[in-house]
Amino acid sequence: NPRVGGSSPSPAMLPLTLFLVACGGDACDRLCVEAGAAVGGCRTSALSWEDLGARSRRDFVATCQDAWEASVVNLSSNELRIALDACDEAERDLRRLGCDEVMALYAPTP
């Protein structure tokens with residue numbers, strides 16, 4: 001509830017949140033989508049989405065985005081800028097990785 005202090009998102013974050021939603025999300029939301037696509041493209045039949053802690057690719061992305069949304073409300077404006085820059089860089093890096101590297105990042109280790 002934006003009218004109640006301490007609720008998610010905070011009143012100070014509401015304009016930023018609305019802007020990001022209108023623009024299709026921020027760099028960290030996009031990173032979640034890119035990660036879901038990368039894992040989906042690299043996942044083998046031996047590794048189910050459940051093994052990755054999700055029911056589907058959509059659930060994988062949604063869980064990632066929910067975690068980001070839960071943490072963004074606790075960031076100062078400077079911390080938010082740093083986090084968004086890091087997500088933007090990670091998104092670019094993720095596109096350069098091969099499947100072995102992607103799965104090393106996201107698949108559980110035995």
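Sequence positions, counted from 1, serve as the residue numbers for this chain.
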Peer 1: Calculate, to the nearest 0.5 Å, the distance between atoms CG and CE belonging to Leu47 and Met103 respectively.
Peer 2: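 So the CG of Leu47 and the CE of Met103 are separated by 4.5 Å.
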Peer 1: Can you measure from CG (Leu105) to CG (Asp100) and round to the nearest 0.5 angstrom?
Peer 2: 11.0 Å
Peer 1: At their closest point, which heavy atom of Leu84 faces which heavy atom of Cys28, and how far apart are they?
Peer 2: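 For Leu84 and Cys28, the tightest heavy-atom pair comes out as CD2-SG, 4.1 Å.
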Peer 1: Compare all side-chain heavy atoms of Asp59 with those of Trp49 and state whether any distance is below 4.5 angstrom.
Peer 2: no
Peer 1: Would you check if the side chain of Glu101 reaches a backbone N or O of Gly98 as a donor-acceptor pair within less than 3.5 Å?
Peer 2: yes
Peer 1: Heavy atoms only: give me the nearest Glu50-Arg55 pair and the separation to one decimal.
Peer 2: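 Closest pair (atom of Glu50, atom of Arg55, distance): OE2-O, 3.8 Å.
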Peer 1: Of the non-hydrogen atoms in Ala107 and Leu52, which two are nearest, and what is the gap between them?
Peer 2: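 Heavy-atom minimum between the residues: CA-CD2, 3.7 Å.
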Peer 1: Is the shortest side-chain heavy-atom distance between Asp29 and Asp26 below 4.5 Å?
Peer 2: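 Side chain of Asp29 against side chain of Asp26, heavy atoms only: contact under 4.5 Å found.
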Peer 1: Search all heavy atoms of Ala37 against all heavy atoms of Arg57 and return the closest pair with its distance.
Peer 2: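 The answer is CB-NH2, 3.2 Å.
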Peer 1: Could you tell me the separation between the CG atom of Asn78 and the CZ atom of Arg81, rounded to the nearest 0.5 Å?
Peer 2: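 Here the rounded value is 4.5 Å.
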Peer 1: Please find the pair of heavy atoms, one from Cys99 and one from Gly41, that lie closest to each other, and give the distance.
Peer 2: SG-O, 4.4 Å
Peer 1: Decide yes or no for Trp68 and Leu31: does some side-chain heavy atom of the first lie under 4.5 Å from some side-chain heavy atom of the second?
Peer 2: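 Contact flag for Trp68/Leu31 side chains = no.
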Peer 1: Please report the interatomic distance CZ(Arg92) to SG(Cys87), rounded to the nearest 0.5 Å.
Peer 2: 11.0 Å
Peer 1: Establish whether Ile82 and Leu80 are linked, either directly or via other cluster members, by ILVMFWY side-chain heavy-atom contacts under 4.5 Å.
Peer 2: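 They do not share one cluster, since no chain of ILVMFWY contacts under 4.5 Å joins Ile82 to Leu80.
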Peer 1: Taking the side chain as every heavy atom from C-beta outward, state whether Arg30 and Asp88 have any atom pair closer than 4.5 Å.
Peer 2: yes
Peer 1: With no hydrogens and no angle check, do the side chains of Asp51 and Ser48 hold a donor and an acceptor under 3.5 Å apart?
Peer 2: yes
Peer 1: Would you say Val102 and Val33 are hydrophobically clustered, going by side-chain heavy atoms of ILVMFWY under 4.5 Å?
Peer 2: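 No.
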